[in-house]
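Working notes for the structure below.
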Amino acid sequence: MMNGTDDLQQQTILVTGGAGYIGSHTVLQLLQADYKVVVVDNLSNSVEEALKRVADLAGSNGRNLSFYKIDLCDKNALENIFMVTRFDAVIHFAGLKAVGESVAKPLSYYYNNFVSTLNLLQVMNDKGCKKLVYSSSATVYGQPKAVPCTEDFPLEALNPYGRTKLCAEQICNDLHIGDPEWRIILLRYFNPVAAHPSGEIGEDPLGIPNNLMPFVQQVAVGRRRELAVFGNDYPTRDGTGVRDYIHVVDLADGHIAALEKLFNLSDIGCAVYNLGTGKGTSVLEMVAAFEKASGKVIPLKVVDRRPGDCSEVYAATNKAEQELGWKARYGIEEMCRDQWNWANKNPWGYEGSLEKDCM
Ligand code: UD1
């Protein structure tokens, strides 16, 4: 079994959903940290081009990346990959993640997110690969009663997407209770934004973006007319919602720190960490920072609150700092600089303007 003393041998990590936004940035950091990486992705909301760019950015380490287009709901396909490669650990990003869509299509969310996660855990268990980093979300805090959110806050799911995250956390906990050989880290992301500073990889959502910064970026490049600000009557500094935005490269580095912890601490159990900056920024502050970074004006229209939104959410970061030795390095200026750099270089995302909707 691998542990901290085996570091002379290169470790191999399976990354599910590795072609996606957070996945692709994490794969790059893994390659740069000398890991071998196997990505599986069904490309339902991502493109292989992202991985080609990751391999280029990684230089000679790019040869340590391989990719299989499979769907985790296909257990046989996953088993076949585990037959040919021995994995030291898995980072599980793959899943559907749009809140609104999850309300409209709950069966699709429950089927995809549960079947894929259960298949993965079963195959890992059968093959004796029992180290997992799981992509969770601050959504499991529901409407938090106070801020900052500490990891021991009561948990609550407000929609099917949130329920799949919360339930997967509980499944991981049960797995470790049943078999203490499992080492699991659950990472609760706050609001990932920005892009790799090269501007080569970034977020490229299908259709109308649900999240703030992808929408702002599409206004900046002329793909959308104006940003709808969802409410300016919240009890915050300027009335707009406050969130903990975190640079995706910081987030990716948080996964490397978590992996190292899994390899080095045999009694980690099933541990949970927030990945955020600990700082809250309002919608208007974020837009102003983006305007400054891009030199573009973002026209705004204040509309009604979005159902399910809360006024203010940000992370307590002490636990990750103390136990993972990880802390976010970038502030909102750098986030907006890198968001704009990606947008400016790739106004229509990875694959040009073909089949993309507008306005
Ligand atoms: C959302 C999800 C959350 C998920 C996270 C993933 C909801 C209710 N929550 O979080 O479950 O884990 O994305 O990144 O969808 N805003 C606007 N106009 C827009 C878009 C957003 O004013 O067009 C505001 C929102 O009201 C909020 C802030 O911007 O105050 C951030 O919104 P968003 O990027 O969607 O993230 P969350 O709602 O925090």
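In this text, all values refer to a predicted model and were calculated from it rather than measured experimentally. Every number for a ligand or one of its atoms is a count from 1 in the order of the listing. Sequential numbering from 1 along the given sequence is applied to the chain's residues.
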Original post:
Contact between Y245 and ligand 1, counting heavy atoms under 4.0 Å?
Top reply: yes
Subject >> Parallel, tilted or perpendicular: ring planes of F114 versus Y110, cut at 30 and 60 degrees >> reply: parallel
**OP:** Report, in ascending order of atom number, the atoms of ligand 1 lying under 4.0 Å from any heavy atom of D309.
**Re:** 8 (C), 25 (C), 26 (O), 38 (O)
Original post:
How are the rings of Y141 and F153 set relative to one another: parallel (under 30°), tilted (30 to 60°) or perpendicular (over 60°)?
Top reply: perpendicular
Please table the atom pairs, donor to acceptor, closer than 3.5 Å between any side-chain atom in residues 68-75 and protein atoms at least two apart or in another chain.
{"from": "D71", "atom 1": "OD1", "to": "C73", "atom 2": "N", "distance (Å)": "2.9"}
{"from": "D71", "atom 1": "OD2", "to": "N42", "atom 2": "ND2", "distance (Å)": "3.3"}
{"from": "D74", "atom 1": "OD1", "to": "N76", "atom 2": "N", "distance (Å)": "3.3"}
{"from": "D74", "atom 1": "OD1", "to": "A77", "atom 2": "N", "distance (Å)": "3.2"}
{"from": "K75", "atom 1": "NZ", "to": "Q122", "atom 2": "OE1", "distance (Å)": "3.0"}

Original post:
Judging by distance only, is a nitrogen or oxygen of V229 under 3.5 angstrom from one on ligand 1?
Top reply: no
Subject >> Minimum-distance pair of heavy atoms, taken over all atoms of S311 and P235 >> reply: CB-CD, 3.9 Å
**OP:** Can you pull out the closest protein heavy atom to atom 39 (O) of ligand 1? Residue, atom name and distance to 0.1 Å, please.
**Re:** R243 NE, 2.6 Å
Original post:
Short question: side chain of N264, backbone of E260 - any donor-acceptor pair under 3.5 Å?
Top reply: yes
**OP:** Tell me which protein heavy atom sits closest to atom 32 (O) of ligand 1, plus the residue, atom name and distance to 0.1 Å.
**Re:** R306 NH2, 3.5 Å
**OP:** Please confirm whether P307 comes within less than 3.5 Å of ligand 1 when only nitrogen or oxygen atoms on both sides are compared.
**Re:** no
**OP:** Check A228 against ligand 1 and report side chain, backbone, both or neither, counting heavy atoms closer than 4.0 Å.
**Re:** backbone
Subject >> Heavy atom of the protein closest to atom 34 (O) of ligand 1 (residue, atom name, distance) >> reply: L212 N, 2.8 Å
Subject >> Nearest non-hydrogen protein atom, atom 14 (O) of ligand 1 >> reply: N211 ND2, 3.7 Å
Original post:
What is the ring orientation for F290 with W340, classed by angle as parallel under 30°, tilted 30 to 60°, or perpendicular over 60°?
Top reply: perpendicular
**OP:** Identify, by atom number and element, the atoms of ligand 1 in contact range of S137, meaning under 4.0 Å from any of its heavy atoms.
**Re:** 12 (O)
**OP:** For the residue pair F82 and F87, categorise the inter-ring angle as parallel (less than 30°), tilted (30 to 60°) or perpendicular (more than 60°).
**Re:** perpendicular
Original post:
Side chain, backbone, both or neither: which part of L227 has a heavy atom under 4.0 Å from ligand 1?
Top reply: side chain
Original post:
Relative to each other, are the rings of F263 and Y35 parallel, tilted or perpendicular (30° and 60° limits)?
Top reply: parallel
**OP:** Could you tell me the separation between the SG atom of C149 and the OH atom of Y314, rounded to the nearest 0.5 Å?
**Re:** 9.0 Å
Original post:
Short list, please: which atoms of ligand 1 are under 4.0 Å from a heavy atom of N210?
Top reply: 20 (C), 35 (O)
Original post:
Are Y350 and W342 near enough that their ring centres are under 6.0 Å apart?
Top reply: yes
**OP:** Determine yes or no for a side-chain-to-main-chain donor-acceptor pair under 3.5 angstrom, with E101 supplying the side chain and A98 the backbone.
**Re:** no
Subject >> Residue, atom name and distance, where the atom is the protein heavy atom closest to atom 36 (O) of ligand 1 >> reply: N191 ND2, 3.0 Å
Subject >> Under 4.0 Å to a heavy atom of Y161 - the qualifying atoms of ligand 1, by number >> reply: 11 (O), 12 (O)
Subject >> For atom 2 (C) of ligand 1, the protein heavy atom that lies nearest, with its residue and separation >> reply: V99 CG2, 3.5 Å
**OP:** From atom 19 (C) of ligand 1, work out which of F230, F190, Y21 has a heavy atom at the shortest distance.
**Re:** F230
**OP:** Using distance alone, determine whether V283 and ligand 1 share an N or O pair under 3.5 Å.
**Re:** no
